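Worksheet for the structure shown next.
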Amino acid sequence: MGFKCGIVGLPNVGKSTLFNAITASEQAAAANYPFCTITANTGMVAVPDPRLDRLVAIAHPQRTVPATMQFVDIAGLVEGASKGEGRGNDFLSDIRDCDAIAHVVRCFVDDNIVHVSGSVDPERDIRVIEIELALKDLETVTRRIEKTEKLARGGDKDAKTLLEVLTKVRALLDEGKWARHVQVEDNQQKFLRELQLLTSKPILYIANVAESDLPEGNALSDIVKRVAADQGAACIVISGKIEAEIALLPEAERKDFLDTLGLKSSGLDQLIRAGYKLLGLRTYFTVGEKEVRAWTIHAGDTAPVAAGVIHSDFEKGFIRAETIAYDDFDRLGGEKQAKEAGKMRTEGKEYVVADGDVMHFRFSV
């Protein structure tokens, strides 16, 4: 199960610096968390998880596979992109393929780095991108309405439902709001998802500040926090420059470097944690002599759905799941000890997988 987060922003806001730091960081830490480049601007980043390290220390497997999140460095957006300016439609197509948006906003002043609008103004910069996304969605919705109205008049039930959704979304966009705030009925949810609207994506704001403004940020990043709060979105404060420096350090030296800056974690760790929360993701583990692996699921997924992440046959032929809570596995020192202590549970098809569960699936084909 892959999850893709698009990193967007105006030109020269530090977006690519952050992406390059992420990729360099993972290459430097390849012994623990493998990194691979898929294309020139796409990276698969391992999700740091101390629980995985502990399970490896207990099981001593031949191979370790962490959960991953895919990041896409999307070229800087300019005003008029919805009408094809800059990379225009290519940019917007890149966003459409993503599960979530990480919006990097410049919150530092540097006369040596030109700002596309001539000055640093986070609220204005955010609005430029929001308007372009909304305009593109408005164009998409308007075209779909024209096509759907004909089908709806002909008595097509699905077309009538879709038309209701499209009408609601257009009204919201006309008010300057995002499609992700639209209220639809349960039977309309699938129609909304299939539209793949840009403004329906969950969003995380990244305030990029100077090193001297860490960890709390500055007056500019406070503006980004306020905008995020108004939208019910999350916001993290990082320094792209510092992330680039961290990426060049050996793994053993990074914690000391963060301590000198008064930081508890790197921006990459913050970004991944925020991304997981944003997408409602959870992790479960499989542990064996050959492999210890972290698997990503959605909050609320049942045991068969979780099994299907490994292979579709596991879900189709699901019988039961042998489950140990991570805390019990950790405290007791392994599967054998947990089983002897009565901490291994047999769970059925209705079981909702908890974050951190260590699981074995029984199935038949």
Side-chain angles (χ1 to χ4, degrees), residues 1-10 13 15 18-19 22 42-45 47 67-74 77 91-105 122-123 125-138 140-141 165 168-169 172-173 175-184 186 188-208 221 224-238 267-283 296-301 305 355:
M1 182 179 291
F3 298 95
K4 185 185 292 188
C5 184
I7 303 176
V8 306
L10 293 173
V13 298
K15 173 178 52 60
L18 174 62
F19 177 82
I22 289 173
T42 302
M44 192 72 76
V45 180
V47 176
T68 57
M69 180 173 287
Q70 189 175 349
F71 288 94
V72 183
D73 178 24
I74 297 172
L77 176 66
F91 172 96
L92 298 166
S93 176
D94 289 340
I95 298 176
R96 200 180 304 281
D97 291 338
C98 293
D99 300 299
I101 297 171
H103 184 170
V104 181
V105 185
E123 191 161 12
D125 294 351
I126 289 171
R127 193 61 183 159
V128 166
I129 287 185
E130 286 183 346
I131 288 173
E132 294 306 323
L133 299 184
L135 286 174
K136 192 63 180 180
D137 276 351
L138 191 58
T140 298
V141 169
V165 173
K168 289 180 180 180
V169 172
L172 206 63
L173 292 171
E175 294 175 11
K177 298 178 181 178
W178 283 51
R180 63 189 173 94
H181 294 137
V182 69
Q183 299 293 320
V184 296
D186 289 344
Q188 298 175 332
Q189 287 288 350
K190 72 169 186 175
F191 294 96
L192 181 61
R193 286 193 299 269
E194 288 169 359
L195 289 172
Q196 289 189 300
L197 296 173
L198 305 176
T199 62
S200 68
K201 312 282 184 187
I203 189 166
L204 164 70
Y205 291 97
I206 302 174
N208 186 15
S221 63
V224 181
K225 291 178 183 177
R226 174 177 55 77
V227 172
D230 289 344
Q231 293 199 23
C235 176
I236 61 173
V237 177
I238 69 166
L268 171 59
D269 287 353
Q270 292 181 61
L271 176 56
I272 289 176
R273 285 198 301 271
Y276 255 57
K277 184 176 180 180
L278 185 68
L279 293 169
L281 305 181
R282 299 289 185 271
T283 301
T296 304
I297 58 173
H298 286 101
D301 280 351
V305 174
D355 188 50

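In this text the structure is predicted, and so the values were computed from the model without any measurement. If you read the sequence from its start, that first residue is 1, and numbering goes on from there.
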Using modelled atom types only, decide if a donor and an acceptor are shared between the side chain of [X] and the backbone of [Y] within a distance under 3.5 Å.
{"X": "Lys136", "Y": "Leu198", "value": "no"}
{"X": "Asp73", "Y": "Thr42", "value": "no"}
{"X": "Arg96", "Y": "Leu197", "value": "no"}
{"X": "Asn208", "Y": "Val105", "value": "no"}

What do the steps show when you test Leu192 against Val169 for side chain to side chain contact (heavy atoms under 4.5 Å, CB included), and what is the final call?
CA-CA 9 Å; Leu192 181 61; Val169 172; 3.9 Å; yes
Glu194 atom CD: more than 12 heavy-atom contacts under 6.0 Å:
yes
State, with a plain yes or no, whether a side-chain heavy atom of [X] is found less than 4.5 Å away from one of [Y].
{"X": "Ile7", "Y": "Ile74", "result": "no"}
{"X": "Leu173", "Y": "Trp178", "result": "no"}
{"X": "Ile101", "Y": "Leu204", "result": "no"}
{"X": "Ile297", "Y": "Leu281", "result": "no"}
{"X": "Gln70", "Y": "Val45", "result": "no"}

Side chain to side chain contact (heavy atoms under 4.5 Å, CB included) with Gln188: which residues, sequence neighbours excluded?
Thr161, Glu164, Val165, Lys168, Val184, Glu185
Using every non-hydrogen atom in the two residues, find where [X] and [Y] come nearest and quote the distance to one decimal.
{"X": "Asp137", "Y": "Ser200", "answer": "OD2-N, 4.5 Å"}
{"X": "Phe19", "Y": "Phe71", "answer": "CE1-O, 3.5 Å"}
{"X": "Ala207", "Y": "Ser221", "answer": "CB-CB, 3.7 Å"}
{"X": "Val182", "Y": "Leu172", "answer": "N-CD2, 3.4 Å"}
{"X": "Leu133", "Y": "Ile95", "answer": "CD2-CD1, 3.7 Å"}

Return the set of residues passing salt bridge (charged side-chain N to carboxylate O under 4.0 Å, His left out) with Asp97 (not counting sequence neighbours), or none when no residue passes.
none
Not counting sequence neighbours, which residues clear salt bridge (charged side-chain N to carboxylate O under 4.0 Å, His left out) with Glu175? List them please.
Lys177
Run the side-chain hydrogen bond (donor to acceptor under 3.5 Å, both in side chains) test against Asp269 and tell me which residues pass, sequence neighbours left out.
none
Which atom pairs, one a donor and one an acceptor, fall under 3.5 Å between side chains of residues 225-236 and the rest of the protein, sequence neighbours left out?
{"from": "Lys225", "atom 1": "NZ", "to": "Glu216", "atom 2": "O", "distance (Å)": "3.2"}
{"from": "Arg226", "atom 1": "NH2", "to": "Glu123", "atom 2": "OE1", "distance (Å)": "2.9"}
{"from": "Gln231", "atom 1": "OE1", "to": "Arg180", "atom 2": "NH2", "distance (Å)": "3.1"}
{"from": "Gln231", "atom 1": "OE1", "to": "Tyr205", "atom 2": "OH", "distance (Å)": "3.3"}
{"from": "Gln231", "atom 1": "NE2", "to": "Glu130", "atom 2": "OE2", "distance (Å)": "2.2"}
{"from": "Gln231", "atom 1": "NE2", "to": "Tyr205", "atom 2": "OH", "distance (Å)": "3.1"}

Could you walk me through whether Leu10 and Lys15 satisfy the side chain to side chain contact (heavy atoms under 4.5 Å, CB included) test, starting with their C-alpha distance in whole Å, then the side-chain angles of each, then the deciding distance to 0.1 Å, before giving a yes or no?
CA-CA 8 Å; Leu10 293 173; Lys15 173 178 52 60; over 6 Å; no
Result block: side-chain N/O donor-acceptor pairs under 3.5 angstrom for residues 270-279, not counting sequence neighbours:
{"from": "Arg273", "atom 1": "NH2", "to": "Ser265", "atom 2": "OG", "distance (Å)": "3.0"}
{"from": "Tyr276", "atom 1": "OH", "to": "Thr296", "atom 2": "OG1", "distance (Å)": "2.8"}

